[in-house]
Amino acid sequence: MKAIIETLLLETVSQMKQAGTLPADLEPRLQIDRTKDKSHGDFATNLAMMLAKPAKSNPRQLAQQIIELMPEHAAISKIEIAGPGFINFFINPDHLADQISQLLADEHASVQLAATPQTVVVDYSAPNVAKEMAVHHIRSTVIGDAVTRTLEFLGHKVVRANHIGDWGTQFGMLIAYLEIVQNEQASDMELSDLEAFYREAKKHYDEDEAFAERSRNYVVKLQGGDEYCQTMWRKLVDITMEQNQRNYDRLNVSLSDKDVMGESLYNDMLPAIVDDLAAQGLAVEDAGAMVVFLDEYKGKDGDAMGVIIRKKDGGYLYTTTDIACAKYRVAELGADRVLYFIDSRQAMHLQQAWTIARKAGYVPEQVSLEHCAFGMMLGKDGKPFKTRSGGTVKLVDLLDEAEERANALIAEKNQDLADDERAEIATAVAMAAVKYADLSKNRTTDYIFDWDNMLSFEGNTAPYLQYAYTRIQSIFRKAGVDGDSLTGSPQLNEAAEQALAQKLTQFSDVVNNVAAKTSPHLLCTYLYELAGQFMSFYEACPVNKDGVADDVRASRLLLCGATAKVLKLGLGLLGIATLARM
RNA sequence: GACCCCAUAGCUCAGCUGGAUAGAGCAUCUGCCUUCUAAGCAGACGGUCGCAGGUUCGAAUCCUGCUGGGGUCGCCA
């Protein structure tokens, strides 16, 4: 719709240039907005106000000229001037009905595939080995997954990259402790509590000198490719990822073991990278370490900041890994675009690694590297979120609590459900609520973690959206129709019908925005508004009740069908399930 | 010390590239279930958009300064 108005306006502007009303070299940037207030029509442009000065005319007068010159179009029923010079456009309901008809007929609900599909590497989740996932891991995991699904829906090739923390000096200590635990249990073991495991390993390291010595020895052996250490290390990775996978499955996150590309993947590249950077004159030796000095960044003393890429003991740092990682994603994975869903605190570190990678020629200009940063999870006191005992809240505990609350609520709301169906619904509702609480917030800012907000099932929450969907399914059941196969063009007589139809046509814009801005909360806002419009329609426009004429009923069923389709697709992009009943 | 981010209703958050009367949810209050599921609907209450300047037809949005909070800054990741 915006595109139609844009075309018409462009034509008008070029006519005005020819007529000399506007300077010939003027290239105005067209801005067409949806109106907030229905009395201002459906769309508005501020074009006349922007052009008033160059045209040496007053805005309202100019608006009048624009309207007179503008070609007619069947989609627009009325054009008005309002306020200081806004031009308001009113959409013809017949055109809107056509769009609904198209949306119903299209599997993609009128969302076009990208004109130029890209290869996009999405780096998200990235839990640490030998640590249990905590609540703050939801952010990267769930937001990254939603963007991943959205990009795929738009026809891009997406490579999921789970950049797990599977390397570093702590692995000597972990291997040494795993050895002890295994000996005690005389066989392979299940690390039921990874947090405790890590704590105990650390304790041994701090208190037992022989253990610490053995740990340091294991680090060296592991890095040297020692088979025993490699095996033990692999065991730690496998046990951790097995546990993480249970969380992914439970949360309906589309990551699997084949997406694991941890830090260790780049180890073999590191020596050559340092050599190459030195050969290119980018890295120099300083106090025994290899350092890249960047003029773009200043250190504490105000001089160019030195980024260490190899320690004086020969060890590598995570900046080196991230340089290698960027190189790998371009050279091996063929990335056109790389998205990093990582904590905002890593911003400077990533910028440095990327600056070096670009200077070294590993990442060409046209490949974009984007830090899709998110803020920290804070407690109610505004400080970094911790439990009373100072630890983190386990993700599992949050999910368990969510299911318990959902189960209790459903038992109360709907007594007709069998136990197994209720449990199934409870899982879907609970996981949806937890994910949505995170997805619906702008990812860039810090946010407050609160059990009750996170586990709410009322208002702007996933269950509200799921509920809207089940209401539609219920209407289909009662009407005896298959909601997925409805086709045709609705009549849009009531205000609630028009508002709903109009909201439905915005889906495509929103999906494209989510992909461009890597912000799923835009989709959440949209789906909430859509569900809200549907709820109003549901109250105002009965479908199956007595006294509803056949043609009206058929028309309203079409609107229900289109709404169900968009809700299901939209929630699917967020990784949230829809239900037949709840 | 340098650099980056943030500040919107009692609480949690939206607010797109500057646009018309700053919006939701929660909480509080008033109505609405013999009628497609009340996890809902309709409505009320609630604001010095941190403060002060500037840019302009127009600023929560852009610029400068200030205050307050958070983060980061060579041998952890």
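Below, chains carry the letters A, B, ... as their sequence lines are ordered, and counting in each starts from 1. This one's a predicted model, so the numbers in the text were calculated from it and none came from an experiment. Just the heavy atoms: all of them, side chains too, but no hydrogens, waters or symmetry mates, feed the values below.
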Picking from [options], which would you name as closest to the side chain of [X]?
{"X": "A:Y318", "options": "B:A77, B:U17, B:A42", "value": "B:A77"}
{"X": "A:P463", "options": "B:A39, B:C13, B:G74", "value": "B:A39"}
{"X": "A:R345", "options": "B:G71, B:C6, B:G19", "value": "B:G71"}
{"X": "A:L409", "options": "B:C13, B:A39, B:G19", "value": "B:A39"}
{"X": "A:Y467", "options": "B:A39, B:C76, B:U12", "value": "B:A39"}
{"X": "A:N46", "options": "B:A39, B:G19, B:C13", "value": "B:G19"}
{"X": "A:Q346", "options": "B:A77, B:C73, B:A38", "value": "B:A77"}
{"X": "A:I308", "options": "B:G71, B:A14, B:G74", "value": "B:G74"}
{"X": "A:N442", "options": "B:G40, B:A14, B:G19", "value": "B:A14"}
{"X": "A:Q31", "options": "B:C73, B:G19, B:A38", "value": "B:G19"}

Report which part of the nucleic acid [X] touches: base, sugar-phosphate, or nothing (heavy-atom distance under 4.0 Å, all strands).
{"X": "A:H349", "result": "nothing"}
{"X": "A:R310", "result": "nothing"}
{"X": "A:G165", "result": "nothing"}
{"X": "A:A479", "result": "nothing"}
{"X": "A:V543", "result": "base"}
{"X": "A:L378", "result": "nothing"}

Pair A:N460-A:Y436, side-chain donor/acceptor within less than 3.5 Å: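 Distance-only check passes for A:N460 and A:Y436.
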
Flag for A:N442-A:Y447: side-chain donor and acceptor within less than 3.5 Å: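 No.
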
For [N] and [X] - does any side-chain N or O of the residue sit under 4.0 Å from the phosphate oxygens OP1/OP2?
{"X": "A:K311", "N": "B:C76", "value": "yes"}
{"X": "A:H521", "N": "B:G15", "value": "yes"}
{"X": "A:T445", "N": "B:C13", "value": "no"}
{"X": "A:K413", "N": "B:A39", "value": "yes"}
{"X": "A:Y464", "N": "B:C41", "value": "yes"}

First of A:L30 and A:K545 reached from the 5' end of RNA chain B, by closest nucleotide: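 Result: A:L30.
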
Residue whose closest nucleotide on RNA chain B lies nearer the 5' end, A:E263 versus A:M535: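 Upstream on the strand: A:M535.
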
Donor-acceptor contact present, side-chain A:R443 to main-chain A:S519, <3.5 Å: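 Absent.
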
Under 3.5 Å: donor-acceptor pair, side chain of A:N512, backbone of A:S508: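 Yes: the side chain of A:N512 pairs with the backbone of A:S508.
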
Same-atom distance ([atom1]) from [N] to [M], integer angstrom:
{"N": "B:C63", "M": "B:G1", "atom1": "C1'", "value": "25 Å"}
{"N": "B:C4", "M": "B:C51", "atom1": "P", "value": "23 Å"}
{"N": "B:U21", "M": "B:G40", "atom1": "C1'", "value": "28 Å"}
{"N": "B:U8", "M": "B:A14", "atom1": "C1'", "value": "10 Å"}
{"N": "B:G18", "M": "B:U56", "atom1": "C1'", "value": "10 Å"}
{"N": "B:G69", "M": "B:G31", "atom1": "P", "value": "46 Å"}
{"N": "B:A27", "M": "B:A9", "atom1": "C1'", "value": "12 Å"}
{"N": "B:A60", "M": "B:A20", "atom1": "C1'", "value": "15 Å"}

Does [N] have a Watson-Crick or wobble partner in any strand here, with both distances under 3.5 angstrom, and which is it?
{"N": "B:U61", "result": "none"}
{"N": "B:U67", "result": "B:A7"}
{"N": "B:U48", "result": "none"}
{"N": "B:G1", "result": "B:C73"}
{"N": "B:A39", "result": "none"}

Fit a plane to each ring of [X] and [Y], take the angle between them on a 0 to 90° scale, and name the class: parallel (under 30°), tilted (30 to 60°) or perpendicular (over 60°).
{"X": "A:W451", "Y": "A:F449", "result": "perpendicular"}
{"X": "A:Y464", "Y": "A:Y528", "result": "tilted"}
{"X": "A:W167", "Y": "A:W233", "result": "perpendicular"}

Lys/Arg-Asp/Glu bridge criterion (N-O < 4.0 Å) met for A:R405, A:D452: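 Counted as a salt bridge, because a side-chain N and a carboxylate O are separated by less than 4.0 Å.
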
No-H, no-angle donor-acceptor pair, A:D446 side chain to B:G70 base, under 3.5 Å: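 No, the side chain and the base share no sub-3.5 Å donor-acceptor pair.
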
CD1-CG distance between A:I425 and A:L417, expressed to the nearest 0.5 angstrom: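 Nearest 0.5 Å value for the CD1-CG distance: 4.5 Å.
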
A:L282 CG - B:G74 P separation (whole Å):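 Whole-Å distance recorded here is 20 Å.
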
Interatomic distance where CG belongs to A:D450 and P belongs to B:C11 [whole Å]: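 Taking atom P of B:C11 as the reference, CG of A:D450 is at 13 Å.
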
Contact letters for nucleotides 20-32 of chain B, in which S counts primed atoms plus P, OP1 and OP2 and B counts the base, heavy atoms under 4.0 Å: BB--SSS------

Verdict with supporting geometry, A:D484 and A:K568, salt bridge (charged side-chain N to carboxylate O under 4.0 Å, His left out): CA-CA 11 Å; A:D484 295 333; A:K568 183 169 192 162; 5.6 Å; no

Atom NZ of A:K312: over 12 foreign heavy atoms under 6.0 Å: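 Open.
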
